[in-house]
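Dumping the structure here so I can ask a few things about it.
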Amino acid sequence: MKIYVNDIGVVIEIDMGESLNAATNLKLEVRKPDNTKVVWTPTVYGEGFNYLRYITVANDLNLAGVWKIQPSLTLGSWSGLADTVSFEIFAKYS
């Protein structure tokens, strides 16, 4: 299913591959197609607490094109970035 500009309630889930139950400072650093950057605050989700989840709200997905998300968090003594995830947002009628 395609995601379109200005869709609300889109569930974005990123499998982090390990339990994030004790993780802190959770962020999704988002780069929009025009290279502007925003930060979304995800929640930890799933039976094994291994997913970061964010549900879009009004004005989150305001541009068509390829979006990139890079999770950022602290887990124990480690703090840093995880792998970048890309997805496409489509213009109306595309």
Would you list the atom pairs, donor with acceptor, under 3.5 Å between side chains in residues 16-30 and any protein atom, with sequence neighbours excluded?
residue	atom	partner	partner atom	Å
Ser19	OG	Asn21	N	3.3
Asn25	ND2	Thr74	OG1	3.1

Cluster overlap Ile8 with Ile3, hydrophobic side-chain contacts below 4.5 Å: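 Ile8 does not cluster with Ile3.
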
Asp83: partners by side chain to side chain contact (heavy atoms under 4.5 Å, CB included), with sequence neighbours left out: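 Per chain and number, Asp83 pairs via side chain to side chain contact (heavy atoms under 4.5 Å, CB included) with no residue.
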
ring-ring contact (aromatic ring centres under 6.0 Å, His included) contacts touching residues 2-33 (sequence neighbours left out):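 Non-adjacent pairs meeting ring-ring contact (aromatic ring centres under 6.0 Å, His included): zero.
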
Partner residues of Ser86 under the side chain to side chain contact (heavy atoms under 4.5 Å, CB included) criterion, sequence neighbours left out: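 Here the qualifying residues are Val66, Lys68.
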
Just list the side-chain donor-acceptor pairs under 3.5 Å for residues 44-55, sequence neighbours left out, or say none.
residue	atom	partner	partner atom	Å
Asn50	ND2	Asp15	OD1	3.1
Arg53	NE	Glu13	OE2	3.0
Tyr54	OH	Asp60	OD2	2.6

Chi angles and distances behind the side-chain contact (heavy atoms from CB on, under 4.5 Å) call for Trp67, Arg31: CA-CA 6 Å; Trp67 290 59; Arg31 190 173 78 192; over 6 Å; no

Ala91 to Ala64 - nearest heavy-atom pair and separation: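 In this case the closest contact between Ala91 and Ala64 is N-CB, 3.7 Å.
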
Any side-chain donor near an acceptor of the partner, Asn6 and Lys92, under 3.5 Å: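 The answer is no; no qualifying pair exists.
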
Lys37 atom NZ, over 12 foreign heavy atoms within 6.0 Å: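 No - once you tally the heavy atoms of other residues, nucleotides and ligands closer than 6.0 Å, there are 12 at most.
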
Contacts of type salt bridge (charged side-chain N to carboxylate O under 4.0 Å, His left out), residue Glu88, not counting sequence neighbours: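 Result, salt bridge (charged side-chain N to carboxylate O under 4.0 Å, His left out) vs Glu88: none returned.
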
Under 3.5 Å: donor-acceptor pair, side chain of Lys2, backbone of Ser94: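 Between the backbone of Ser94 and the side chain of Lys2 there is a qualifying donor-acceptor contact (under 3.5 Å).
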
Distance-minimising heavy-atom pair for Leu81 and Ser72: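 Minimum heavy-atom contact is CD2-CB, 3.7 Å.
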
Transitive ILVMFWY side-chain link Phe87 to Phe90, under 4.5 Å: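 No.
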
Results of side chain to side chain contact (heavy atoms under 4.5 Å, CB included) for Val85 - residues two or more places apart only: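 Ile14.
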
Side-chain touch Leu63/Ile89, heavy atoms, less than 4.5 angstrom: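 No. Closest side-chain heavy atoms not under 4.5 Å.
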
